[in-house]
Every structure is written in C-alpha cells, then in structure tokens.
Amino acid sequence: MRQAMVIVKKDLRETLRTGAFYLYVVLAMALMAVVGVRALGGVIGGHIDTLLEQGLAPAEVVAAVEPLVGTTLVMLSLQFMMLFCLFGNAHNLAMEKTKRSLESLLCTPLSLKQIHLGKSLAVFLPCVALGLSLAFATVAGANQLLLAPQVGQAVMPDAASLVATLGAVPLIFFFFVTMLVALQLIITRIQWINAVLAGLLAAITVALNYGLLGFGFAPWSIVFVSLAVAAVLALATVFLSRLVTKERIVLSSKG
Amino acid sequence: MVQATIALDNVSKSLGGRPILRNISFVVEQGDVFGYLGPNGAGKTTTIRVILGLFPPNSGRALILGRNAESEEARQRVGFVLEADGLYESITGYDNLDYYSQIYGLSSDSKGRRIDEMLELARLSDRAGDKVSSYSKGMRQRLALARSMLHDPDLLILDEPTAGLDPTGQIEVRQTILDLAERGKTVFLSSHNLDEVQRTCSHIALIDKGEIKLCSRVDEVRSDGVSLEHTYVKLTGGGDR
C-alpha cells in the first residue's frame, strides 16, 4: 500500500499541474449549476408544489421529498465522479503508455498489483473528493435557492441516501476505476476503451434505475442496489486483473 | 563459485506466434561491460525485456544474480535506461528522481543526498527545478542515466545510452560506464555503435534473427587483426531486418 501511495502522490502532482484539470472543474461546476440545481429545483420543486396544493403541512412535504432529494444526491455524486474520471484525469495512464514511462515503471521492483492499485487510486481519490463536494454543494445550493423558500426549511437527503452516497457510490466508482485502469493497461486503442466505458456507464445507470424500480423505492433499497452493482463490478475487475500482464502492457504500448 | 550477474539459459521467446529469440544462452559476469550487438529486428530489445522481467521466456531460464529475472529481488538490483527514456515531462528533473528513489525504497535520510549526487553527476543540478519537458535530448538522456543509478544497482542495462548525445555527452557516458565497471558494477550495453562498443566493452554478443552468432571477449575478436566491423558484417550480412 505504501508503494501504491508513492504512485498516487506523483500522479496527483502531475494532475494538479495540468491546465485541463482546472478546465474540467470549471465545466463540472457549470454543469452543476445548470443541470443539478435546475433538476432539483424543477422536478422536486414541482413535486413540492403539488403536495402543498394537496394540503399537506410543510413538515409532511419535507418528509415526503427527502428520499427524492437523497436519490438525486446519489445519482449526482456518481455522475460527477464519472465526469471527472472520463474527461479529467483518466487519460493520464494512456499518455504514460504512449510516452513509454509506464514501461520504465514496470522494470522497477513494484508489483503489477501495486501499479494497478496506485494508478486506480490516483484517479479515484480526486474524483471522489470532487464528485462528493459538488453533489453536496448542488443539493445545498438547490435548498438555499429553490426548496427552502417553498417549504420554509432545508430538505435534507434521507439517511439511506446518505449511506449510499458516502459508502456504496464510492465503492461502485472504485471498481469502475479499477476496470478502467485494467482496460487502459492492456488495450492498445483508446477509442475502444472509451466505447467500452460509455457502455459501462450506461449499464451502471440502467442497473441502478431498474434496481430501484424493482425495489419500488423501498427504504434502504438504494444502498442494497448500489452494493449489488458494486459487487458485479468487483467480480468483473477480478476477471480483468487476471488478463493484465507486463507483456500485454508493453505490447499494447506500441500504439 | 562466483555467481553470474546475468545468465540466460536456452531462452526462447515468441510474440504473436512469431519466434523472436531462439535458444539464446550467454553469461555476463560481475564487472563485465557486455556489449550486445545486432541489426534492427534481431531480438535485442526482446532480450532486454526478458532480462528486465517484462517478458517471461516461453522456454529456458533468465537469471539475474541467481534470481528469476521476473522477481522483485532481481529488479531491485538492476538499473536501466531504455530506448525511450520514460521520464515524466510535466514534473521537474528533481521530482523524477525523487519518485524513483521512493519506488526503490531509499531512506528519507539518504534520499536527498543521493539525488543531489546523481544530479551533480548528470550535470543537471542547476536545472533540477525545471520541468523535464524543457530539457534537451542530451539532458534527458543524462537524467535517465542518473535515475538508473539512484539505488546503486549491481547491474546496469543500457539500451542505446548515447543515442542523441553530442560528442562530449557520448564521451561522458562512456567514461561513466568505465567508472562503474571499475567499481565492480556490471553493465549490459545494447548498441548499434561499434566504435562505442570497442571503446567501452570487455565482452560482446552478437544476435541476428533471434540467434546468438558470437559471444566472446572483445580482445579475442580483434586478436587476429580483424575489425569488429568486419566480423559484424560477416555474421549478419550487414543489413537490418
């Protein structure tokens, strides 16, 4: 783990020195403002209006929309993480292959597992930090600007959604990243990786949505569905990791 | 009995079904400066990748200091400069060395001193804080050489170490190699430059079409007044693959 963290520190230092990283932060914040706040304000705000028109007390309205706010928080945090990952720092490894610095790293005493873990954490940690920060900021912003004026108080996400956001979603994202890194290590053409990942992203979203529909949005279902998706991704990661060999990495670095 | 630094024993390697190395065997002893010659496509890079543990042989054995070439213990004792220098361009020269010193597990007490020594050796002390992307080819090559010696390895594997260097830089690298050999280090040098090999190497092996055509002391090759160039052309036909 200590050696993997050496890779993480160096990669983070590189990421923070790239202008593209800050561009993606700005883009994500714009997306947060436009899509996040609008979605929360529009959809949930509309729902609040309907409930108030039905004569429910503000406290009952708040209790009714808390799971909705929570589900939005879960989906937003995952999407922000994926956004940073796919458009932010996920391509650093592909660049390392092209410049052949990865081949040098493979000649050191580091094991393949350490390199795989280090490269995965270098993508995972900043994306999780930024994804969670932006998702919570979106919910806070929507509350401040749109929801609180309607019901007279902030609408907090329910407990199950908070557990899913802080526990299960990072777990899904971790295995997503380890799969991404494994694919980048052994696949030559980056277009193929992008296609595979776009498909994977769609599959995760569909799995989460269908999973939630299947459970009928029962309390804590979001946690169980998210953990199930994480488990499937973990199995896929284990399978992919077996295909990662130094020989494959070097041969796929030829471009 | 003195342990061989590199021992390849009947190593064969195929890539994509195509045989690249065919029953390669040679031994490099401690303190040797071993020149590895051959035309393009002969199998030099594949041999280096087998020695560095990147490619496991299909058959035969590759041992470094008595250990399997793929083992972490073997790689801890090897330094290398590959054909592509593998430096990180967006960080400084100092940070590149710092990164590798941590990977090789240098203690925090000795790390700074060792990096400074290597930067001094590479004549890059005054540019240590600059990004590698601003370095010339020669500076990059010197930094890569400094990186390869950070952890004081027993064996140094150099793939075309003077490529792209000006004559002064070439002389300095050659002198560094000879100094290392004097200190008992073993150097495995892959090169196209026959003159460089004659000046620096004690032993040579010549590979062509994946087979070792010659493995000998340099002075033995030249003992009959036959030049290395003549032997090279005679054994390889002189052409690239």
Side-chain angles (χ1 to χ4, degrees), chain A residues 1-22 88-89 91-119 122 185-186 188 243-255, chain B residues 13-16 20 45-46 48-58 64 67 69-92 95-106 111 131-133 140 144 147-148 150-151 153 155 157 159:
Chain A
M1 190 64 182
R2 194 180 64 82
Q3 291 297 74
M5 288 313 289
V6 172
I7 296 177
V8 174
K9 278 193 278 180
K10 192 278 295 172
D11 281 9
L12 285 181
R13 195 180 300 163
E14 272 192 302
T15 301
L16 292 173
R17 289 184 187 183
T18 348
F21 173 76
Y22 298 99
N89 59 355
H91 297 306
N92 290 356
L93 185 59
M95 287 301 292
E96 272 201 52
K97 282 180 80 175
T98 309
K99 304 261 182 190
R100 311 299 283 267
S101 42
L102 188 62
E103 187 174 339
S104 293
L105 196 60
L106 292 170
C107 298
T108 68
L110 292 178
S111 68
L112 257 184
K113 280 182 184 165
Q114 287 171 323
I115 293 173
H116 190 179
L117 179 64
K119 292 291 173 193
L185 286 172
I186 57 174
T188 308
L243 301 178
V244 179
T245 63
K246 289 187 175 183
E247 185 171 323
R248 280 208 173 96
I249 297 171
V250 172
L251 292 176
S252 67
S253 298
K254 287 182 174 173
Chain B
K13 182 68 188 172
S14 297
L15 294 172
I20 306 294
T45 301
T46 303
I48 286 177
R49 286 173 171 166
V50 168
I51 293 171
L52 286 169
L54 294 174
F55 288 179
N58 296 123
I64 304 297
R67 294 170 191 274
E70 293 166 67
S71 70
E72 288 169 24
E73 294 87 354
R75 295 204 303 278
Q76 183 68 40
R77 298 172 72 179
V78 177
F80 55 87
V81 176
L82 302 181
E83 201 175 353
D85 57 43
L87 297 166
Y88 296 96
E89 294 181 347
S90 62
I91 58 176
T92 65
D95 286 344
N96 267 274
L97 296 190
D98 184 49
Y99 181 45
Y100 270 78
S101 70
Q102 290 178 63
I103 286 172
Y104 282 109
L106 267 65
K111 196 177 72 174
K131 281 187 180 179
V132 169
S133 56
R140 292 178 67 121
R147 184 191 62 188
S148 72
L150 257 182
H151 57 300
L155 167 64
I157 299 191
D159 195 359

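A note on names: the letters A, B, ... follow the listed sequences, proteins ahead of strands, and every chain is numbered from 1. What you are looking at is a predicted structure, and each value in this text was computed from that prediction instead of being measured. Below, all heavy atoms of this structure are taken into account, side chains as well, without hydrogens, waters or symmetry copies.
- Heavy-atom pairs under 4.5 Å with chain B peak, among A:Lys246, A:Arg13, A:Lys10, A:Glu14, at A:Lys10.
- No side-chain heavy atom of B:Glu89 sits under 4.5 Å from any side-chain heavy atom of A:Met95.
- Heavy-atom distances place no part of B:Ser101 under 4.5 Å from chain A, backbone and side chain included.
- For B:Phe55, the parts sitting under 4.5 Å from any heavy atom of chain A are the backbone and the side chain alike.
- Annotation: B:Gln76, atom CD; neighbour count of heavy atoms from other residues, nucleotides and ligands within 6.0 Å is above 12.
- Between A:Asp11 and B:Tyr88 the shortest side-chain heavy-atom distance does not fall below 4.5 Å.
- Contact annotation for B:Arg77: neither backbone nor side-chain heavy atoms come within less than 4.5 Å of a heavy atom of chain A.
- At distances below 3.5 Å, at least one donor-acceptor pair connects side-chain atoms of B:Arg75 with backbone N or O atoms of A:Leu110.
- Per-residue counts of heavy-atom pairs under 4.5 Å with chain B were compared for A:Gln114, A:Gln3, A:Glu103; the largest is that of A:Glu103.
- The choice from A:Leu106, A:Thr108, A:Val6 that makes the most heavy-atom pairs within less than 4.5 Å of chain B is A:Thr108.
- With a 6.0 Å radius and a threshold of 12 heavy atoms from other residues, nucleotides or ligands, A:Lys99 has its NZ atom at or below the threshold.
- Using a 4.5 Å cut-off between heavy atoms, B:Ile103 touches chain A through backbone and side chain atoms alike.
- A:Lys9 has its side chain within reach of B:Gln102: a pair of non-hydrogen atoms, C-beta onward, lies under 4.5 Å apart.
- In this structure the side chain of A:Glu247 never reaches within 4.5 angstrom of the side chain of B:Leu54, judged on heavy atoms.
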